[in-house]
Number of protein chains: 2
Amino acid sequence: MTTDPGAPRPPRSGPLTKEAVLHTAVAMADRSGAGVPSMRNLAERLGVKAMALYHHFRNRPALLDGMVDRVFGEIEPPPEDAEWREAMRRRAVSMREALIRHPWAIGLMDSRTEPGRATLRHHNAVIGCLRSGGFSIAGAAHAVSVLDGYIYGFTLQELSLPFETPAELEDTADSIMRGLPGDEFPHLAEMVADHVMRPGYDYAEEFGVGLDLILDGLQRRRESWR
Amino acid sequence: MTTDPGAPRPPRSGPLTKEAVLHTAVAMADRSGAGVPSMRNLAERLGVKAMALYHHFRNRPALLDGMVDRVFGEIEPPPEDAEWREAMRRRAVSMREALIRHPWAIGLMDSRTEPGRATLRHHNAVIGCLRSGGFSIAGAAHAVSVLDGYIYGFTLQELSLPFETPAELEDTADSIMRGLPGDEFPHLAEMVADHVMRPGYDYAEEFGVGLDLILDGLQRRRESWR
DNA sequence: TGGCTACCTTTACACTGTACGGTAGCCCTT
DNA sequence: AAGGGCTACCGTACAGTGTAAAGGTAGCCA
């Protein structure tokens with residue numbers, strides 16, 4: 001079965017549009033967990049042959065660019081006049097949520113080339129909020145760099161974990177730990193046993209811990225970053 | 001040209017080993033910038049047919065796991081009894097360097113499943129250093145989470161930049177800025193003009209800025225993270 | 001009427017991972 | 001010495017990929 005999930009083909013009205021293609025591509029990537037669909041599968045879902053897509057996108061990377069830009073469009077941008085710290089926190093949370101909603105997106109980051117309009121708009125809003133919160137240009141650049149780095153990196157790690165519920169975590173953790181000499185990696189073993197497998201542990205909570213640490217640091221340095 | 005770069009095939013002595021395959025795979029991925037080689041290309045370089053590789057690796061993902069583990073093996077682990085802050089700084093720098101030396105590795109992170117021995121050894125050393133530096137188990141978990149998140153995320157962003165030298169940066173930046181209304185993204189435009197394109201700007205320096213911010217935060221919280 | 005354009009299809013090519021089955025040489029046991 | 005099993009490799013084949021090249025068709029404008 002090559003095109004299992006979902007409706008075989010909705011009869012379209014009128015010609016395809018870039019936006020319609022991107023919408024369907026994102027929807028397909030979100031289900032199926034198998035990442036971005038192939039050109040043929042995407043086309044079939046749209047009731048069209050693969051080569052038709054090349055009339056709307058120069059090539060596959062161009063389509064991926066468009067998909068990533070759509071994800072950026074979903075991130076709640078900070079209002080320009082908002083208090084910077086709270087605004088940055090909300091933006092970080094919103095960004096992580098978007099990346100988790102579209103787990104295929106973060107793996108595409110490292111091959112994207114041209115930022116789309118939603119992406120530019122987003123970055124512009126972030127910088128604007130920091131600037132009006134009292135950050136210098138250099139300071140805002142530093143802030144964006146740490147924050148975005150942390151958000152991407154944390155989420156990348158989170159998505160690469162081979163489990164989703166705490167119960168699965170427990171299974172995975174001791175299936176990894178089993179088969180190890182046990183005293184070869186004592187610190188790791190201790191952390192898994194006493195911390196990770198503690199009932200109620202939820203890795204997602206870690207996000208806020210690191211985020212607040214970074215926001216504190218930004219607040220403390222804001223003045224001195226001239 | 002399908003197998004352009006490098007020697008056609010070195011005559012091997014004796015049978016292939018896992019390690020030899022991984023060594024060649026990493027070397028090929030490092031050159032060529034085109035990411036991990038295909039099974040056929042890798043096999044050809046080893047003087048062997050593609051299917052021979054499946055006698056040493058269950059499938060392609062297993063080979064990728066091995067490659068990632070080799071990258072972890074290159075990261076300088078912190079000595080257990082070292083002063084934690086300096087040790088963490090060195091480890092972060094070493095990790096970023098390894099990821100930049102092997103730019104294909106970070107894109108593989110989100111699909112890896114079983115951590116290899118070098119990976120486990122590395123994490124064990126990091127946790128051990130933090131623990132003997134006075135971090136509680138929970139504190140060490142927090143520290144690892146922020147630090148690794150930042151390192152991955154920063155490097156991911158850095159690698160996705162479509163330039164390498166400051167000169168290329170300048171070209172890219174204003175080729176993006178050109179064609180925009182200019183007053184649509186004023187804050188972004190300002191930052192590019194006044195900061196990024198300032199002579200001597202080097203994005204790589206940002207790494208240390210964020211890293212020190214995080215290390216400060218960790219130092220400040222170490223005691224209270226019980 | 002003729003031509004131009006936008007949109008889509010057909011065909012083809014080079015490439016991918018890998019399932020399945022075979023073969024040549026070695027070692028161990030009877 | 002004969003047989004059996006094991007390791008290491010090869011050949012073939014299949015279903016899938018992105019996309020270049022070329023062709024078709026419908027609608028619009030001169």
Side-chain angles (χ1 to χ4, degrees), chain A residues 1-6 8-25 28-29 32-68 104 107-108 110-114, chain B residues 1-6 8-25 28-29 32-68 104 107-108 111-113:
Chain A
M1 51 181 174
T2 75
T3 48
D4 177 31
R9 70 190 61 186
R12 281 190 345 285
S13 61
L16 235 44
T17 66
K18 259 166 114 102
E19 284 310 312
V21 173
L22 289 175
H23 176 86
T24 304
M28 287 182 74
S32 91
V36 186
S38 72
M39 299 303 267
R40 285 188 239 261
N41 285 180
L42 174 56
E44 184 175 15
R45 175 67 72 89
L46 290 161
V48 122
K49 295 299 163 62
M51 290 312 289
L53 299 175
Y54 288 84
H55 246 268
H56 304 272
F57 300 90
R58 198 165 64 272
N59 48 23
R60 183 162 223 263
L63 187 145
L64 302 185
D65 278 343
M67 292 177 71
V68 169
W104 43 268
L108 260 46
D110 75 335
S111 53
R112 274 345 57 226
T113 161
E114 297 254 328
Chain B
M1 51 180 174
T2 74
T3 49
D4 177 32
R9 73 191 59 186
R12 283 190 344 284
S13 62
L16 234 44
T17 66
K18 260 168 114 104
E19 284 311 311
V21 173
L22 289 174
H23 175 86
T24 305
M28 286 181 75
S32 91
V36 184
S38 72
M39 298 304 267
R40 283 189 239 261
N41 285 182
L42 174 56
E44 184 175 15
R45 175 66 72 89
L46 290 160
V48 123
K49 295 300 164 61
M51 290 314 290
L53 300 176
Y54 288 85
H55 264 265
H56 303 274
F57 299 89
R58 197 165 65 273
N59 48 22
R60 183 161 223 264
L63 187 146
L64 303 184
D65 279 342
M67 293 177 71
V68 168
W104 43 268
L108 260 45
S111 53
R112 274 345 54 228
T113 161

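Sequence lines set the chain letters: A, B, ... in the order given, protein chains first and strands last, and positions in each chain run from 1. As the structure is a prediction and not an experimental result, all values here were calculated from the model. Every heavy atom of this structure was used, including side-chain atoms; hydrogens, water molecules and symmetry mates were not.
In this structure, CD on B/Glu19 lies 12.0 Å from NE2 on B/His56, to the nearest 0.5 angstrom. Atoms CG and CG, from A/Leu22 and A/Leu63 in turn, are 6.0 Å apart once rounded to the nearest 0.5 Å. Atom CE of residue B/Met51 and atom CZ of residue B/Arg40 lie 9.5 Å apart, to the nearest 0.5 angstrom.
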With 3.5 Å as the limit, what N/O pairs link the protein to nucleotides 25-27 of chain D?
none

If you restrict it to nitrogen or oxygen atoms, what contacts under 3.5 Å exist between nucleotides 10-12 of chain C and the protein, and what is each distance?
unit_1: C/dT10; atom_1: OP2; unit_2: A/Lys49; atom_2: NZ; d: 2.9

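Taking A/Thr24 as the reference, A/Met28, A/Leu42, A/Arg45, A/Leu46 meet the side-chain contact (heavy atoms from CB on, under 4.5 Å) condition, with sequence neighbours excluded. Legend: residues meeting side-chain contact (heavy atoms from CB on, under 4.5 Å) with A/Ala62, ordered by chain and number and at least two apart, are A/Phe57, A/Arg58, A/Asn59. Under the side-chain hydrogen bond (donor to acceptor under 3.5 Å, both in side chains) criterion, A/Glu114 pairs with no residue at all, not counting sequence neighbours. Evaluation of the side-chain contact (heavy atoms from CB on, under 4.5 Å) rule for B/Ala43 yields B/Val48, B/Ala50, B/Leu53 as partners, not counting sequence neighbours.
Over its full length, the helix from C/dT1-D/dA30 to C/dT30-D/dA1 turns its helical axis through 20°, comparing axes from the five pairs at each end and rounding to 10°.
Contact detail for B/Ser32 and B/Ala29: the closest heavy-atom pair is OG-O, 4.1 Å.
Rounded to a whole Å, the CD atom of B/Glu44 is 11 Å from the P atom of C/dC15. C/dT16 atom C1' lies 14 Å from atom CG of B/Leu42, rounded to whole Å. What separates CZ of B/Phe57 from C1' of D/dC9 is a distance of 15 Å, to the nearest Å. Regarding A/Leu63, its CG atom lies at a distance of 14 Å from the C1' atom of D/dT19, rounded to whole Å. Here the P atom of nucleotide C/dT9 and the CE atom of A/Met39 are 13 Å apart, to the nearest Å. Put simply, OH on A/Tyr54 is 20 Å from P on C/dA6, counting in whole angstrom units. Protein atom CG of A/Leu53 is 18 Å distant from nucleotide atom P of C/dA6, rounded to whole Å. Put simply, CZ on A/Arg58 is 11 Å from P on D/dA20, counting in whole angstrom units.
Of the candidates C/dG17, D/dC9, C/dC8, the closest approach to any side-chain atom of B/Ser38 belongs to C/dG17. The side chain of A/Ala52 lies closest to C/dC8 when the candidates are D/dT19, D/dC9, C/dC8. Of the candidate nucleotides C/dT18, D/dC10, C/dC8, C/dT18 has the atom lying nearest to any side-chain atom of B/Pro61.
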Could you please spell out the steps behind the side-chain contact (heavy atoms from CB on, under 4.5 Å) verdict for A/Arg60 and A/Val36? CA-CA 10 Å; A/Arg60 183 162 223 263; A/Val36 186; 3.6 Å; yes
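For the pair B/Arg60 and B/His55, nearest-nucleotide mapping onto DNA chain C gives the more 5' position to B/Arg60.
Taking side-chain N and O atoms only, B/His56 has no distance below 4.0 Å to OP1 or OP2 of D/dT7.
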